[in-house]
Amino acid sequence: MNIFRLAGDMTHLLSVVVLLLKIHTIKSCAGISLKTQELYAIVFATRYLDIFTSYISLYNTIMKLIFLGSSFSIVWYMRYHKIVRRSYDKDQDTFRHYFLILPWLILALLINEKFTFSEVMWTFSLYLEAVAILPQLVLLQRTRNIDNLTGQYVFLLGAYRAFYILNWIYRYFTEEHFVHWITWISGLVQTLLYADFFYYYFQSWKNNVKLQLPA
């Protein structure tokens with residue numbers, strides 16, 4: 001554990017808190033992509049298969065439970081809660097996210113660090129997480145007007161991955177034989193997808209105007 005890893009974890013956790021705050025307090029999921037939330041649920045379900053078989057630390061186990069529980073609860077709220085689901089913009093959230101799953105699963109079967117079930121699933125979760133934000137970014141481009149909580153949620157998700165890249169750089173220079181190309185490349189792709197959003201987010205903050213993405 002180092003300061004960059006901790007910052008990444010806390011930023012990721014804060015992004016979940018912001019989204020749950022929006023859903024529970026405002027009873028709204030407007031501007032949130034159900035497709036992205038379903039992809040994240042798959043990411044965590046396949047990444048944390050070892051939650052009951054491999055103990056690393058209490059901190060690690062608690063974080064896994066939080067991300068698993070929150071991801072599936074968000075999907076449930078958006079699909080089935082009688083009030084929250086009314087604010088879901090199904091007509092705009094049309095990205096065919098299921099087409100992202102099979103190609104990355106095939107890639108995980110072909111390119112992995114060790115050909116075991118748990119390792120392939122872990123690799124698949126990395127590949128899928130790299131692109132899971134795409135439906136959300138497309139939805140924001142279509143709706144254009146973005147409320148504060150949604151903007152903060154997406155920003156925190158991007159910041160979490162940026163902190164993890166700093167964590168990898170730090171560990172590369174402080175630990176021997178720390179080389180994980182699959183993790184690094186997946187994380188870099190994921191961060192680059194946020195570049196356009198970051199630009200407009202900081203522009204809106206700098207000029208004190210409502211966040212909008214170009215169509």
**Q.** Contacts of His24 that satisfy side-chain contact (heavy atoms from CB on, under 4.5 Å) - sequence neighbours left out
**A.** Leu20, Tyr77
Q) To the nearest 0.5 Å, how far apart are CG in Leu19 and CG in Leu157? A) 8.5 Å
Q: Consider only side-chain heavy atoms of I, L, V, M, F, W and Y, link residues closer than 4.5 Å, and tell whether Phe52 and Phe67 are in one cluster.
A: yes
(Q) For His12 and Tyr160, take the angle between the two ring planes, folded into 0 to 90°, and tell me which bin it lands in: parallel under 30, tilted 30 to 60, perpendicular over 60. (A) parallel
(Q) Would Val43 and Glu38 count as a side chain to side chain contact (heavy atoms under 4.5 Å, CB included) here? Give the steps. (A) CA-CA 9 Å; Val43 165; Glu38 288 176 340; over 6 Å; no
Q: Indicate yes or no: does Asp50 engage Lys64 in a salt bridge with an N to O separation below 4.0 Å.
A: yes
Q | Test item: Asn112 side-chain N/O and Leu109 main-chain N/O as donor-acceptor pair under 3.5 Å | A | yes
Q: Kindly say whether Trp122 contributes a backbone atom to a donor-acceptor pair with the side chain of Arg47 at under 3.5 angstrom?
A: no
Q) Should Leu134 and Tyr127 be counted in the same cluster of Ile, Leu, Val, Met, Phe, Trp and Tyr side chains packed under 4.5 Å apart? A) yes
Q) For Tyr164 and Arg5, what are the C-alpha separation, side-chain angles and deciding distance, and is it a side chain to side chain donor-acceptor pair (under 3.5 Å)? A) CA-CA 6 Å; Tyr164 258 68; Arg5 164 73 185 276; 2.8 Å; yes
**Q.** Atom CH2 of Trp76 with >12 non-hydrogen neighbours under 6.0 angstrom
**A.** yes
Q.
Can you tell me how far apart OG1 (Thr143) and CD (Gln92) are? Round to the nearest 0.5 Å.
A. 7.0 Å
**Q.** ILVMFWY cluster membership beyond Phe163 - transitive side-chain contacts under 4.5 angstrom
**A.** Ile3, Phe4, Leu166, Tyr170
Q) What heavy-atom pair brings Asp93 and Pro135 nearest, and what distance separates the two atoms? A) OD1-O, 4.2 Å
Q. With the 4.5 Å side-chain cut-off for hydrophobic clustering, are Tyr98 and Leu139 part of the same group?
A. no
Q) Does Ile182 offer a backbone N or O that forms a donor-acceptor pair with the side chain of His180 under 3.5 Å? A) no
Q. When rounded to the nearest 0.5 angstrom, what distance separates NZ in Lys35 from CD in Gln136?
A. 12.0 Å
Q) Is a side-chain N or O of Thr25 found less than 3.5 angstrom from the main chain of Leu21, in a donor-acceptor match? A) yes
Q.
For a quick test of reading the model, state the closest non-hydrogen atom pair linking Asn2 to Asn167 and the distance between them.
A. ND2-OD1, 2.7 Å
Q.
Please tell me whether Leu193 and Leu156 are part of a single hydrophobic cluster in this structure, the criterion being side-chain heavy atoms less than 4.5 Å apart.
A. yes
(Q) Measuring centre to centre across the rings, with the benzene-like ring taken for any Trp, is Phe198 within less than 6.0 Å of Phe155? (A) yes
Q. Ion pair present between Lys22 and Asp147, side-chain N to carboxylate O less than 4.0 angstrom?
A. yes
Q. Would Phe117 and Leu49 count as a side chain to side chain contact (heavy atoms under 4.5 Å, CB included) if you check the C-alpha gap in whole Å, the side-chain angles of each, and the deciding distance to 0.1 Å?
A. CA-CA 10 Å; Phe117 177 75; Leu49 290 171; 3.7 Å; yes
Q | Val75 side chain near Tyr80 side chain, heavy-atom distance below 4.5 Å | A | no
Q: For Ala45 and Phe72, work out which heavy atoms get closest and say how close.
A: CB-CZ, 4.0 Å
Q.
Let me confirm one number: the OG-CD1 distance from Ser71 to Ile66, rounded to the nearest 0.5 Å.
A. 11.5 Å
Q. What orientation do Phe44 and Tyr40 show, parallel under 30°, tilted 30 to 60°, or perpendicular over 60°?
A. parallel
Q.
Check whether Asp89 reaches the backbone of Gly31 with its side chain - one donor and one acceptor, N or O, closer than 3.5 Å.
A. no
Q. Looking only at heavy atoms, what is the nearest atom pair of Ile101 and Leu39, with distance?
A. CG1-CD2, 4.1 Å
Q) Between the side chains of Arg161 and Thr11, does any donor sit under 3.5 Å from an acceptor? A) no
(Q) Please report the interatomic distance CZ(Phe202) to CG(Asn207), rounded to the nearest 0.5 Å. (A) 13.0 Å
Q.
Assess the residue pair Lys27 and Arg86 against the criterion (side chain to side chain contact (heavy atoms under 4.5 Å, CB included)); give the C-alpha distance rounded to whole Å, side-chain angles, the decisive distance to 0.1 Å, and a yes or no.
A. CA-CA 9 Å; Lys27 294 293 188 293; Arg86 295 175 187 169; over 6 Å; no
Q. How long is the span from the CG atom in Asp9 to the CG atom in Asn60, to the nearest 0.5 Å?
A. 9.0 Å
Q: For the residue pair Trp184 and Tyr172, categorise the inter-ring angle as parallel (less than 30°), tilted (30 to 60°) or perpendicular (more than 60°).
A: perpendicular
Q) Is there a chain of hydrophobic side chains (I, L, V, M, F, W, Y, each step under 4.5 Å between heavy atoms) that links Ile169 to Ile185? A) no
(Q) Quick one, Gln37 with Met78, criterion side chain to side chain contact (heavy atoms under 4.5 Å, CB included). Give me CA distance, side-chain angles, the key distance, then yes/no. (A) CA-CA 9 Å; Gln37 298 308 317; Met78 293 184 69; 3.9 Å; yes
Q: Count the heavy atoms of every other residue, nucleotide or ligand shown that sit under 6.0 Å from OH of Tyr199, and state whether that count exceeds 12.
A: no
Q) Would you say Gln190 and Val131 make side-chain contact, with heavy atoms under 4.5 Å? A) no
Q. Taking all atoms of both residues into account, what is the closest heavy-atom pair of Ala162 and Thr191, and its distance?
A. N-OG1, 4.2 Å
Q. Do Ile146 and Lys210 have side-chain heavy atoms sitting under 4.5 Å apart?
A. no
Q. Of all heavy-atom pairs between Phe178 and Arg171, which one has the smallest distance, and what is that distance?
A. CE1-CZ, 3.2 Å
Q) Any donor and acceptor pair, going by atom type alone, linking the side chain of Thr36 with main-chain N or O of Ala132 inside 3.5 Å? A) yes
Q. Stepwise, does the ring pair (Phe, Tyr, Trp, His ring centres under 6.0 Å) test hold for His97 with Phe99?
A. CA-CA 5 Å; His97 63 320; Phe99 287 127; 9.3 Å; no
Q: Keeping the roles fixed (side chain from Ser87, backbone from Val84), state whether a donor-acceptor pair exists under 3.5 Å.
A: yes
